[in-house]
Amino acid sequence: METDNKKLELIRWLTEVEDDAILEQIEFIKRSDRENWNALAKEEQEAIQEGLAELERGEGIEHDTVINELRKKYSAE
């Protein structure tokens, strides 16, 4: 739900933006995001989508857990 609130805040803010430079930057970000996504192989896109779906289902691993496991694994070598 926090994401939805952020989106709504951005939409409200965007409707009031008068500065063309800011609008151009937002358009650039939008274009770049789409181009970067399209540059990925279909398998990579599917893997990302599956990872996002796992996170939505609460199946992800906490960032701190991953970092701690990697530190243990690579500091012992």
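Each salt bridge (charged side-chain N to carboxylate O under 4.0 Å, His left out) pair with one or both residues in residues 22-35, not counting sequence neighbours, would appear here, but there are none. Under the salt bridge (charged side-chain N to carboxylate O under 4.0 Å, His left out) criterion, no residue pair touches residues 9-21, with sequence neighbours excluded. Sorted by first and then second residue, the salt bridge (charged side-chain N to carboxylate O under 4.0 Å, His left out) pairs with a member in residues 52-65 read E50-R57, R57-E59; sequence neighbours excluded.
For E46, the side-chain contact (heavy atoms from CB on, under 4.5 Å) partners two or more places apart in sequence, or in a different chain, are K42. Residues forming a side-chain contact (heavy atoms from CB on, under 4.5 Å) with E69 (at least two apart in sequence, or on another chain): T65. L40 pairs by the side-chain contact (heavy atoms from CB on, under 4.5 Å) definition with W37, E44, Q45, I48, not counting sequence neighbours.
Both Y74 and I61 are assigned to one and the same hydrophobic cluster, defined by single-linkage of ILVMFWY side chains at heavy-atom distances under 4.5 Å. A continuous path of ILVMFWY side-chain contacts below 4.5 Å connects W13 to L23, so both sit in one hydrophobic cluster.
Rounding to the nearest 0.5 angstrom, the gap separating the OG1 atom in T3 from the CG atom in L8 is 11.0 Å. Here CD of E2 is found 10.0 Å from CG of D4. Values are rounded to the nearest 0.5 Å.
Taking the side chain as every heavy atom from C-beta outward, I22 and L14 never approach each other to under 4.5 Å.
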